[in-house]
Amino acid sequence: MQKIVHIISYILLIALALPIQAQDEATSPFSSTFPKREERAVWLATIGGIDWPRIKATDARSTERQKQELIDILDQLKHANINVVILQTRIRGSVIYPSAIEPWDNAITGKSNVGPSYDPLRFAIDECHKRGMELHAWIVSIPLGTAQRQKAYGSKSITRHHSSLCKTVGGEMFMIPGNPATADYIASLCKEIVENYDVDGISLDYIRYPESQYHFSDDNLYKSSSGLTKAQWRRENITRIVKRVHDVVKPIKPWVRLSSSPIGKYSNLSRYRSGGWDCYDAVYQDPKLWLREGYQDMLFPMMYFLGNNYYPFVFDWKEGSSGHPVVPGLGIYFLDPREGKWQLSDVRPEMHAARDSRVGGIAFYRSYYLTNNFKGLYDCVCEEFFPYPALTSRMTWQSDTIPPSAPTDLQYVEGRLTWNSPSTSKEIFYNVYASWEYPVDISRAENLIAMRLQQSALSVLNTKGYHYAVTAIDRFGNESLAAQEAATETPIDREKVLAAIRNHYSQPTTTTKAKAKKTKKTKATKAAKTNTVSPTVIDFSKYLN
């Protein structure tokens, strides 16, 4: 019986080419499959240079060091197969690019309202795109920091030229959501970025009312005669901003992904309470409405919680997603003993739950805590969760769902792949796949070796026996059929392979004990090297001629 089980295992392994992780699921409490599409995001904060830049650009040498610092971070994120970088672009009424609307933040040069000799946002976008990663501009919407901070910006401060949009409470300054002009102002910043930069997304942060501790009031703008309760009115004020950003950005570049980072709990659940800290009631956000109405393409909720404050709310987001990705943001900064008492054993199950629920992906707050490998998280991400690349989600809710034409004339010559671009009016990138099997199966994440290439060529390792395939993909995530490299050998018929295996095991064996021992040792060695099951070697040629 045991021999029969082994034979069946070999048949499945060889003929069906099952990925090894599928076999591991039986002994693992978690799923270990790797989706081809999944948002894998990280927030890269610039406020105070806490993630980047630690080095201030004050002269030519320090500017190059600042650039190299970002390159090193992005290389680490690329190695971890992160595919979305959410870069803090608007900080507190200040920005990290040359803007006609707001002043330079002091994070770049160390001085407020003083810019460097290069454009950090453009540089970051280019470097992300070189690595096949998306860059989403992170816009801190309502907070403006302290009065002292704004004073440093002089006449360019929003508190000077748009004072009616600002309010000071509890020592902090905020934009006023109840003033309709606030929506226009924030939308104008997003428009400026989308018109001038090749960003892949706009992500609104702190798009909410200030916490109750600030005692923020815009009661003077509320009119009870409107028929809305004050809570309803406040939610409409925040929704107005979100909708206005949508209405301004989408006509310019409809493929730019609009998102936000709401509080990690939408509202109380029937069995689990939010503890007074949720989107809907505490800070007047209604992100489920934003998805349902199409004002946003995805969410990155700040789910910086453990246990019953996390898991039930993941599935609540899933149920209210209206078919859009909702990407739980994990508070990995709590892995730092100075911030909290989280262990890797707290984060791993949350990552598995996010993936297994198929809610949309995984996001990390922040980059510093990931790339510095707190409690071994970076190693875990690279080896266990993201060993293969993944594409971001396809925007099926948009009007453009037609994939581009496939590339043609794919060729491999002396370590270089080349192909011809499809005839299309779309702005497209290319994904490259490789496999020992022909034709290459482009549905499997482990076959994806390069993505979002901007050029129609790629240098690859000289791997004898490998086959390649290339697809075109547009900005909405629509992927073409594959152009397959011309086969250099006759593809094996799987039915004939199955017949060959059955025939092989039906023959009487003549293997001596010594030969069997040698074969067993060879198999064990190969399995140790590849970490996969190594089947008995069978000569199929005599059965397939």
Side-chain angles (χ1 to χ4, degrees), residues 35 37-54 69-89 91 96 107 120-121 123-125 127-140 199-205 257 259-262 264 298-304 325-336 339 342 344 347-348 350-351 354-355 359-393 451-452:
R37 289 185 184 264
E38 179 179 58
E39 312 296 320
R40 301 170 176 177
V42 63
W43 282 279
L44 185 62
T46 57
I47 185 169
I50 55 176
D51 285 335
W52 176 81
R54 300 294 179 93
E69 184 186 3
L70 181 60
I71 287 172
D72 292 343
I73 293 171
L74 296 181
D75 282 343
Q76 285 184 275
L77 297 178
K78 174 63 177 176
H79 180 69
N81 285 315
I82 296 295
N83 56 22
V84 176
V85 176
I86 308 174
L87 177 66
Q88 193 171 22
T89 302
I91 295 87
I96 62 164
L121 179 56
F123 179 76
I125 293 169
E127 292 299 321
C128 282
H129 287 177
K130 285 179 185 177
R131 292 161 178 78
M133 297 188 290
E134 295 182 4
L135 185 141
H136 294 204
W138 166 6
I139 308 297
V140 180
V199 293
D200 301 285
I202 295 288
S203 191
L204 302 175
D205 184 28
R257 296 168 187 252
S259 69
S260 60
S261 302
M298 59 186 63
L299 300 175
F300 296 92
M302 301 181 294
M303 303 192 70
Y304 309 158
V326 178
V327 186
L330 307 185
I332 62 170
Y333 62 96
F334 286 124
L335 291 170
D336 184 344
E339 298 285 349
W342 284 21
L344 184 59
V347 178
R348 286 182 68 250
E350 292 194 341
M351 293 172 66
R355 172 172 283 171
V359 68
I362 303 168
F364 300 106
Y365 185 81
R366 309 177 333 256
S367 171
Y368 172 79
Y369 299 99
L370 176 62
T371 58
N372 282 273
N373 201 27
F374 277 82
K375 303 289 177 65
L377 177 63
Y378 183 79
D379 293 337
C380 177
V381 167
C382 293
E383 297 166 10
E384 179 180 349
F385 282 92
F386 305 155
Y388 307 113
L391 305 180
T392 55
S393 57
M451 60 187 190
R452 287 176 58 92

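Quantities reported herein were computed from a predicted structural model and do not represent experimental measurements. We're numbering straight along the sequence, starting at 1.
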Item checked: Check: E38 main-chain N/O paired with N83 side-chain donor or acceptor under 3.5 Å -> yes
Item checked: Side chain proximity check, E350 to P328, heavy atoms < 4.5 angstrom -> no
Next item on the list: Anything under 30° is parallel, anything over 60° is perpendicular, the rest tilted; go ahead and classify Y304 against Y333.
Entry: perpendicular
Check: Quick one: are Y365 and L330 in side-chain contact, heavy atoms under 4.5 Å?
Finding: no
Next item on the list: List the steps, then state whether side chain to side chain contact (heavy atoms under 4.5 Å, CB included) holds for H79 with Y378.
Entry: CA-CA 10 Å; H79 180 69; Y378 183 79; 3.3 Å; yes
Margin query: Is the ring pair W138/W43 parallel, tilted or perpendicular, if the boundaries are 30 and 60 degrees?
Written below: perpendicular
Next item on the list: Compare every heavy atom of R355 with every heavy atom of P35, then report the nearest pair and how far apart it is.
Entry: CD-NE, 3.7 Å
Margin query: Any side-chain to backbone donor/acceptor pair from R40 onto I362? Under 3.5 Å, distance only.
Written below: no
Notebook entry, point to check: Got a second to check how far L87's CG is from L70's CG, nearest 0.5 Å?
Noted result: 7.5 Å
Next item on the list: Write down the atom of V140, the atom of I91, and the distance for their closest heavy-atom approach.
Entry: CB-O, 3.1 Å
Next item on the list: Quick one: closest heavy-atom pair of D51 and S367, and the distance?
Entry: OD2-N, 3.7 Å
Notebook entry, point to check: Would you say L135 and L121 make side-chain contact, with heavy atoms under 4.5 Å?
Noted result: yes
Checklist line | Any side-chain heavy-atom pair of R131 and V85 under 4.5 Å | finding: no
Notebook entry, point to check: What heavy-atom pair brings A80 and F386 nearest, and what distance separates the two atoms?
Noted result: O-CB, 3.2 Å
Item checked: Option among I50, I86, T371 that satisfies the side chain to side chain contact (heavy atoms under 4.5 Å, CB included) test with R366 -> I50
Next item on the list: Write down the atom of A107, the atom of G49, and the distance for their closest heavy-atom approach.
Entry: CB-N, 4.4 Å
Item checked: Distance-minimising heavy-atom pair for P389 and M451 -> CB-SD, 4.3 Å
Margin query: If we ignore hydrogens and angles and just use 3.5 Å, is the side chain of R37 paired with the main-chain N or O of T392 as donor and acceptor?
Written below: yes
Check: How about M351 and E384: do any of their side-chain heavy atoms sit closer than 4.5 Å?
Finding: no
Next item on the list: First locate atom CG of D75, then atom NZ of K130, and finally report the distance between them rounded to the nearest 0.5 Å.
Entry: 10.5 Å
Check: Is there a side-chain contact between D200 and H136, using heavy atoms and a 4.5 Å cut-off?
Finding: yes
Checklist line | Working for side chain to side chain contact (heavy atoms under 4.5 Å, CB included), residues L204 and S261 | finding: CA-CA 6 Å; L204 302 175; S261 302; over 6 Å; no
Notebook entry, point to check: Is there a salt bridge (charged side-chain N to carboxylate O under 4.0 Å, His left out) between R54 and E69 once you walk through the steps?
Noted result: CA-CA 8 Å; R54 300 294 179 93; E69 184 186 3; 5.2 Å; no
Next item on the list: Give a yes or no answer on whether the side chain of N373 reaches the backbone of D379 with a donor-acceptor pair at less than 3.5 Å.
Entry: yes
Margin query: Within the structure provided, determine whether F374 and E339 are in side-chain contact (heavy-atom separation under 4.5 Å).
Written below: no
Margin query: Between Q88 (side chain only) and T46 (backbone N and O only), is there a donor and an acceptor less than 3.5 Å apart?
Written below: yes
Notebook entry, point to check: How far does CH2 of W52 sit from CD1 of I73, to the nearest 0.5 angstrom?
Noted result: 8.0 Å
Margin query: Distance check, rounded to the nearest 0.5 Å: L77 atom CG versus M133 atom CE?
Written below: 5.5 Å
Notebook entry, point to check: Would you say the side chain of L377 lies within less than 4.5 Å of the side chain of Y369, judging by non-hydrogen atoms?
Noted result: no
Checklist line | Separation of S260 OG from L299 CG (nearest 0.5 Å) | finding: 5.0 Å
